[in-house]
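By convention in this document, chain letters (A, B, ...) are assigned in the order of the sequence lines, proteins followed by strands, and residues within each chain are numbered from 1.
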Amino acid sequence: MTRVVDPESSYQRIYAIVRKIPPGRVATYGQIADLAGLAGHARQVGYAMAALPTHGAVPWHRVINAQGRISMRRSGPGDSIVQQQLLEREGVRFDGGGRVSLATFRWRKRRRG
DNA sequence: CCACTGACGAGTG
DNA sequence: GCACTCGCCAGTG
């Protein structure tokens, strides 16, 4: 194949990865991209997230940027507030700057058992 | 086809 | 730690 991945398949693949993130954990766009076989294409993950509904089967709120911060969706910070509340309800702690400690809450697919 | 935009990331100063 | 720049790719006009 000339294409590394198919556009539509990449979206579904991204969603499949996100759904594997356990409660109380977060993952970065770059991490999802890497797991989905789209290393270096983190922006594509963000684009896929943008297409998700606020109330869906995909735990989109567990996906944050590499800075440990919640990225703003379109229009305003309203959704970011909801995202933070959802994460806090799962036990994820935010610091004064609205930032999550990736060293503590970053999801690891599996680290030598 | 070209220009602009968008839930990003890494590098530089 | 923050601001700026470049790279990446898909969607829209």
May I have the distance from A/Met49 (atom CE) to C/dA10 (atom P), rounded to whole angstrom?
-> 16 Å
What do the steps show when you test A/Phe94 against A/Ile70 for side chain to side chain contact (heavy atoms under 4.5 Å, CB included), and what is the final call?
-> CA-CA 10 Å; A/Phe94 284 76; A/Ile70 295 174; 3.8 Å; yes
Can you hop from A/Leu86 to A/Ile32 via hydrophobic side chains spaced under 4.5 Å?
-> yes
For A/Thr54, check side chain to side chain contact (heavy atoms under 4.5 Å, CB included) against everything at least two apart and list the hits.
-> A/Trp60, A/Arg73, A/Asp79
Atom-to-atom span, CG of A/Leu102 to C1' of B/dC8 - whole angstrom = 14 Å
Give every residue pair that meets the salt bridge (Lys or Arg N to Asp or Glu O under 4.0 Å) criterion with at least one member in residues 43-71 of chain A, sequence neighbours excluded.
-> A/Arg62-A/Glu90
If we take the C1' atom in both C/dG13 and B/dA7, what is their distance in whole Å?
-> 23 Å
Which residue pairs satisfy the salt bridge (Lys or Arg N to Asp or Glu O under 4.0 Å) criterion with at least one member in residues 92-102 of chain A, sequence neighbours excluded?
-> A/Asp95-A/Arg99
For nucleotides 2-8 of chain C, read 5' to 3', which letter fits each nucleotide if B means a protein heavy atom sits under 4.0 Å from the base, S means only the sugar-phosphate is that close, and - means neither?
-> S----BB
Taking only residues two or more places apart in sequence or in another chain, which ones pass side chain to side chain contact (heavy atoms under 4.5 Å, CB included) with A/Tyr15?
-> A/Tyr11, A/Gln12, A/Ala48, A/Met49, A/Ala51, A/Leu52, A/Val58
Please report, rounded to the nearest Å, how far the C1' atom of B/dG9 is from the CD1 atom of A/Ile64.
-> 14 Å
Could you tell me the separation between the CG atom of A/Asp34 and the P atom of B/dA10, rounded to a whole number of Å?
-> 11 Å
Tell me which nucleotide among B/dA10, B/dA7, C/dA10 gets nearest to the side chain of A/Tyr11.
-> C/dA10
What residues, two or more places apart in sequence or in another chain, satisfy side chain to side chain contact (heavy atoms under 4.5 Å, CB included) together with A/Pro22?
-> A/Arg25, A/Trp107
Shortest side-chain distance from A/Asn65, nucleotide among B/dG9, B/dA7, C/dG11 | B/dG9
Do any of residues 87-95 of chain A sit with a heavy atom less than 4.0 Å from DNA chain B, and if so which?
-> none
Residue list, side-chain hydrogen bond (donor to acceptor under 3.5 Å, both in side chains) with A/Thr28, at least two apart or on another chain | none
All side-chain hydrogen bond (donor to acceptor under 3.5 Å, both in side chains) counterparts of A/Gln83, not counting sequence neighbours = none
Going by the salt bridge (Lys or Arg N to Asp or Glu O under 4.0 Å) test, which pairs reach into residues 48-59 of chain A, not counting sequence neighbours?
-> none
Interface with DNA chain B, restricted to residues 21-32 of chain A and to heavy atoms under 4.0 Å | A/Thr28, A/Tyr29, A/Gly30
Any pair with a residue in residues 28-37 of chain A that passes salt bridge (Lys or Arg N to Asp or Glu O under 4.0 Å), sequence neighbours left out, goes on the list, sorted by first then second residue, please.
-> none
